[in-house]
Amino acid sequence: MMISVVIPIYNEEANILPMYKRMTAVFDKLNLDREYVYVNDGSADKSQEILIELANEHQDVKYINFSRNFGHQIAVSAGLEFSSGDKIVIIDADGQDPPEVIEDLYLKSIEGFEVVYAKRAERKGESAMKKATAKWFYRILNKIIHFDIPLDTGDFRIMDRKIVNQLLMMPERHKFLRGQISWIGFNQTYVTYNREERMSGQTGYSYSKMIRFALDGITSFSNWPLKIATISGFLFSFIGFLLILYTLYSRYVIKDYQPGWASQMVTMIFIGGIQLIGIGIIGEYISRMNENIKNRPLYIVKDSNIPHASD
Ligand code: UDP
Ligand code: MG
């Protein structure tokens with residue numbers, strides 16, 4: 001039995017070595033064979049040098065250096081692609097996902113679960129805004145899709161090889177791994193844990209990255225926003241039609257009318273707004289289709305100690 005650990009790295013210079021030690025202690029205790037697949041997602045700090053040095057010292061360390069920052073989900077996807085273990089763990093590099101929880105994940109998974117994800121009982125050191133937006137986003141997302149994405153979970157989990165193989169066959173460029181993994185099915189369960197504060201450094205997830213990620217989550221699994229655009233289109237055309245009848249009635253039957261531009265302006269602006277929203281929603285889907293059609297590589301590897309990763 002060999003375990004692969006996929007670790008995305010974006011400016012984590014102070015966290016790499018302590019995390020390596022903590023993870024290694026866990027695998028030593030469980031007496032398990034392991035490999036670490038570090039994916040350096042275009043860090044601007046010393047992360048790259050530290051990884052290369054770590055790999056020189058330890059046989060079980062593999063690294064992939066991207067040519068620039070491609071984003072967390074793509075970094076994890078690349079790590080999954082080049083991992084070779086029978087079970088695969090995804091974990092953040094900043095200590096927020098405590099490596100000691102890997103033991104619980106592993107012990108649960110050998111009871112016969114293809115996926116065991118780590119569910120957050122408590123989240124330390126994260127802003128109220130982040131917690132609230134995450135909470136509502138996942139609750140709404142689950143209302144509009146046809147399967148459940150577990151609440152209060154990130155990508156911290158252990159998966160069997162067969163799940164990862166399925167995942168790697170999904171060609172979409174806008175990855176929303178936690179949703180894709182739920183979608184795959186099989187036996188999935190969870191263990192709870194307390195999410196820690198980041199050991200050092202600061203979050204690489206800006207609000208704009210979070211919004212993009214949220215839109216990827218929605219558009220990957222639901223066409224509901226497109227349907228809302230259509231339904232509101234029908235609704236407002238119907239109201240418009242009633243207004244036409246009413247206008248004709250007051251002009252020709254009761255002959256009581258005001259030359260009212262106010263009502264016209266209001267209607268125009270309102271309908272215009274609805275139309276723009278509709279176009280915007282369509283645009284979100286079309287731009288994703290466009291990127292999928294372009295079929296560019298998901299990421300570019302600068303160098304790696306995995307032979308087939310850098311060619
Ligand atoms: N990360 C990455 N690329 C990015 C942003 C983040 O590989 O563009 C990595 C980061 O190094 C960490 C994990 O993804 O290992 C989670 O990121 P972070 O801790 O910044 O996010 P948060 O925990 O604040 O949501
Ligand atoms: Mg973090």
Side-chain angles (χ1 to χ4, degrees), residues 4-20 22-23 36-51 54 61-83 88-99 101-102 117-120 122-138 151-157 173-179 193-217 298-302 304 309:
S4 299
V5 188
V6 171
I7 313 140
I9 301 282
Y10 182 58
N11 298 339
E12 305 281 9
E13 56 184 3
N15 298 325
I16 294 172
L17 295 179
M19 276 294 281
Y20 177 81
R22 285 171 68 184
M23 292 190 290
Y36 302 96
V37 184
Y38 287 93
V39 184
N40 176 23
D41 186 13
S43 300
D45 63 1
K46 292 248 171 322
S47 297
Q48 174 172 340
E49 288 84 339
I50 294 170
L51 286 177
L54 192 67
V61 174
K62 300 188 172 158
Y63 67 85
I64 298 167
N65 278 315
F66 279 178
S67 62
R68 64 171 173 84
N69 179 244
F70 283 90
H72 168 244
Q73 296 284 300
I74 292 178
V76 173
S77 302
L80 293 175
E81 199 177 325
F82 293 104
S83 67
I88 296 93
V89 172
I90 304 174
I91 190 168
D92 281 359
D94 58 4
Q96 286 199 280
D97 303 335
V101 176
I102 294 174
Y117 52 89
K119 196 174 165 87
R120 299 156 182 175
E122 197 190 330
R123 292 175 85 164
K124 287 188 204 146
E126 284 181 296
S127 67
M129 178 76 173
K130 178 148 192 170
K131 285 188 227 177
T133 48
K135 182 175 165 192
W136 287 106
F137 172 69
Y138 287 104
L151 299 175
D152 304 315
T153 48
D155 291 318
F156 187 24
R157 59 191 62 213
R173 321 182 54 75
H174 293 268
K175 306 285 183 193
F176 192 70
L177 294 170
R178 55 200 71 167
Y193 77 111
N194 290 330
R195 190 153 165 91
E196 297 293 328
E197 276 180 54
R198 184 172 245 292
M199 294 195 290
S200 160
Q202 39 182 287
T203 176
Y205 257 99
S206 55
Y207 275 108
S208 73
K209 277 185 186 172
M210 272 167 59
I211 291 170
R212 237 180 295 155
F213 184 53
L215 285 176
D216 285 341
L298 256 190
Y299 53 84
I300 293 170
V301 176
K302 187 164 65 179
S304 168

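Both ligands and their constituent atoms are indexed starting at 1 by order of listing.
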- Pairs meeting criterion salt bridge (Lys or Arg N to Asp or Glu O under 4.0 Å) with involvement of residues 204-213, two or more places apart: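 Listed once each, the pairs would be none.
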- Over 12 non-hydrogen atoms of neighbours within 6.0 angstrom of NZ in K46: no
- Message: With 2.8 Å as the threshold, which protein atoms of type N, O or S lie near the Mg ion (ligand 2)? Leave waters out.
- Response: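 Near the Mg ion (ligand 2), the protein supplies D94 OD2, Q96 OE1.
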- Task: Only one of Q73, H174, R173 passes side-chain contact (heavy atoms from CB on, under 4.5 Å) with D216; say which it is.
- Result: H174
- Would you please write out the protein residues whose heavy atoms approach any atom of ligand 1 to under 4.0 angstrom, listed by chain and number? P8, I9, Y10, E12, D41, N69, G71, H72, D92, A93, D94, Q96, K130, R195, R198, T203, G204, Y205, K209
- Item | Sequence-distant partners of R178, salt bridge (Lys or Arg N to Asp or Glu O under 4.0 Å), two or more places apart |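 Once residues adjacent in sequence are excluded, the partners of R178 under the salt bridge (Lys or Arg N to Asp or Glu O under 4.0 Å) criterion are D155.
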- Query: With a 4.5 Å limit on heavy-atom distance, are the side chains of K62 and F82 in contact?
  - Reply: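 They are not in contact (no side-chain heavy atoms under 4.5 Å apart), so the answer is no.
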- Side chains of S83 and V37 in contact at under 4.5 Å (non-hydrogen atoms): yes
- May I ask you to decide if K119's main-chain N or O and D152's side chain share a donor-acceptor pair within less than 3.5 Å? no
- Distance in Å, M19 CE paired with L54 CG, rounded so as to fall on 0.5 Å steps: 12.0 Å
- Regarding R68 and the six-membered ring of F70, is the cationic atom NZ or CZ under 6.0 Å from the ring centre and inside 45° of its axis? yes
